[in-house]
There are 2 protein chains.
Amino acid sequence: MGRLKILNSPTIRRMPSYLHKLLRMRFEGRTHVSSLELAEYMNIEWIVVRRDIALTGIKGQRRVGYEINELIEYIRDYIGWTNPMTATLIGAGALGTAILGYDDFARYGLQIESVFDCDSNKIGRELRGHEIYDVATIRTRLKANPPKIGILCVSNSTAQLVADQLIALGIKFIWNFASICLKVPDDVIVQREVLAGGLAMLCVKIKSRESETPLGLEE
Amino acid sequence: MGRLKILNSPTIRRMPSYLHKLLRMRFEGRTHVSSLELAEYMNIEWIVVRRDIALTGIKGQRRVGYEINELIEYIRDYIGWTNPMTATLIGAGALGTAILGYDDFARYGLQIESVFDCDSNKIGRELRGHEIYDVATIRTRLKANPPKIGILCVSNSTAQLVADQLIALGIKFIWNFASICLKVPDDVIVQREVLAGGLAMLCVKIKSRESETPLGLEE
DNA sequence: TAGATTGTTAATCGATTAACAATC
DNA sequence: TAGATTGTTAATCGATTAACAATC
């Protein structure tokens, strides 16, 4: 069926790290960069960086590297970060607050236009420049002009409910930070962020580290 | 060189999602589960789930599935979530607060023993049951009994500085939420969490969705 | 020129998918 | 028994790595 090929692609996940570094280098007045330099910064093999960069379609100059300005544009284009993306944030808890305050997101074009919460202590208050609206008013506030992306930072128990409301408004893209998997129609795309996945990765690394070289002798 | 093979392994990242679901099913009184059911929940192919589960070493019962209790233990064991892991959290901002409040982490054995921040408005105050200590006291407070993991939720400009301090204390495992890549000795393992990576994934999916079926006709 | 760096082609490796066997 | 589900072996696919060519 029309099931979208889900790309896990590590390449795409590395792109923002290159971008962050490139933006900083540009800010520092640098004009060119080699894949080796980016690789050393990222602590990965330089051939990986080369492959990633090649995917964007940019042409480098042998012996010189890539023009930073140009590379920034190519990466932005590759990810689709050239035009602003409108979004609504549901859940003004600690995680929602963190996302709202993440400068990089705004820099990459993410425009969080509205913030909702169900906590009456928060509703009406301001959070990082946004008034917090009552989650019960999602429909009336957004129906005229729904944003492209719904960012879900609510509790596991309300995530599905809220998602259903967003979907009813015609929102097709959901960035889900809850620990549960959402049930959504085929034409809705959910990007789930699993922080515990990172912890699992770390713990597996710890496990493999602790089981190796028990005497600390071999290299 | 002794460079640890970095496994990106999607399998490991999926494990916590299975675990979360299994714990909930157990709580609801369920005793058995099939890979098909987990697959439908996760919205992935059942064969993927089967492969993942097989990796843990558990044996299922044909026609019945896996015993939930047993599967939980096998997954925990596979990830290395059987013993508690001590940790310190540096940075009591919104993201740090979110991590501190993430029930699942505690359930998986992550024990955040101390919280530090450099903001004098926060130092001395309590956050989710933890007193916030001055980041300047990291050394004196932790040197006698350093935790296994350092969780970095500080600004990009201080991340390297703080990491160096943790490393000086002998901490070998760092969970880094800053946007920069840390420079660390070979024997220190950094698990970097890149939230912007998730946004990139979502935007690439949006891009590919918007470019397909411009007339909405083909399936 | 020599060396640094990109570009390209081929090989390897690991994850996903397919096909089918086993069995409760 | 028939059907559901796990188990296993093989095929495919995509990402990583290796090797070397090109060239500024």
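Everything quoted here is computed from the prediction, not taken from an experiment. Reminder, nothing fancy here: chain letters follow the sequence lines and each chain counts from 1. Heavy-atom basis, side chains included; hydrogens, waters and symmetry copies ignored.
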Whichever of B/Gly60 and A/Val64 has its nearest DNA chain D nucleotide further upstream toward 5'
B/Gly60
Keeping to residues at least two apart or across chains, list the salt bridge (Lys or Arg N to Asp or Glu O under 4.0 Å) pairs with something in residues 66-85 of chain B.
B/Glu73-B/Arg76
Heavy-atom side-chain contact between [X] and [Y] under 4.5 Å:
{"X": "B/Asp164", "Y": "B/Gln160", "answer": "yes"}
{"X": "A/Ile90", "Y": "A/Leu152", "answer": "yes"}
{"X": "A/Tyr18", "Y": "A/Met42", "answer": "yes"}

What is the distance, to the nearest angstrom, from the [atom1] atom on [X] to the [atom2] atom on [N]?
{"X": "B/Ile53", "N": "C/dT16", "atom1": "CD1", "atom2": "C1'", "result": "16 Å"}
{"X": "A/Leu55", "N": "C/dT6", "atom1": "CG", "atom2": "P", "result": "15 Å"}
{"X": "A/Ile44", "N": "D/dA15", "atom1": "CD1", "atom2": "P", "result": "14 Å"}

How is the base pairing of DNA chain C summarised as a dot-bracket string, given the Watson-Crick and G-U wobble criteria with both distances under 3.5 Å, [ ] for crossing and | for another strand?
..||||||||||||||||||||||
Partners passing side-chain hydrogen bond (donor to acceptor under 3.5 Å, both in side chains) against A/Ser17 (at least two apart in sequence or in another chain):
B/Arg192
Who are the ring-ring contact (aromatic ring centres under 6.0 Å, His included) partners of [X], not counting sequence neighbours?
{"X": "A/Tyr102", "answer": "A/Phe105"}
{"X": "A/Phe177", "answer": "A/Trp175"}
{"X": "B/Tyr108", "answer": "B/Trp81"}
{"X": "B/Tyr78", "answer": "none"}

Ion pair check, B/Glu28 and B/Lys21, cut-off under 4.0 Å:
no
Can a side chain N or O of A/Ser9 be found less than 4.0 Å away from OP1 or OP2 on D/dA15?
yes
By salt bridge (Lys or Arg N to Asp or Glu O under 4.0 Å), B/Glu113 pairs with (sequence neighbours left out) none
Quick one: list whatever passes salt bridge (Lys or Arg N to Asp or Glu O under 4.0 Å) with A/Lys172, sequence neighbours left out.
A/Asp187
Picking from D/dT16, C/dA15, C/dT8, the nucleotide nearest the side-chain atoms of A/Val48 would be D/dT16
So which protein nitrogen or oxygen atoms get under 3.5 Å of nucleotides 18-22 of chain C's nitrogens or oxygens?
residue	atom	partner	partner atom	Å
C/dA22	N3	B/Arg62	NH1	2.7

Sorted by number, residues from residues 14-37 of chain A placing a heavy atom under 4.0 Å from DNA chain D are A/Arg14
Test item: A/Thr158 side-chain N/O and A/Leu161 main-chain N/O as donor-acceptor pair under 3.5 Å:
no
Review item, nucleotides 1-3 of chain D N/O atoms under 3.5 Å of protein N/O:
residue	atom	partner	partner atom	Å
D/dG3	N2	B/Arg63	NE	2.7

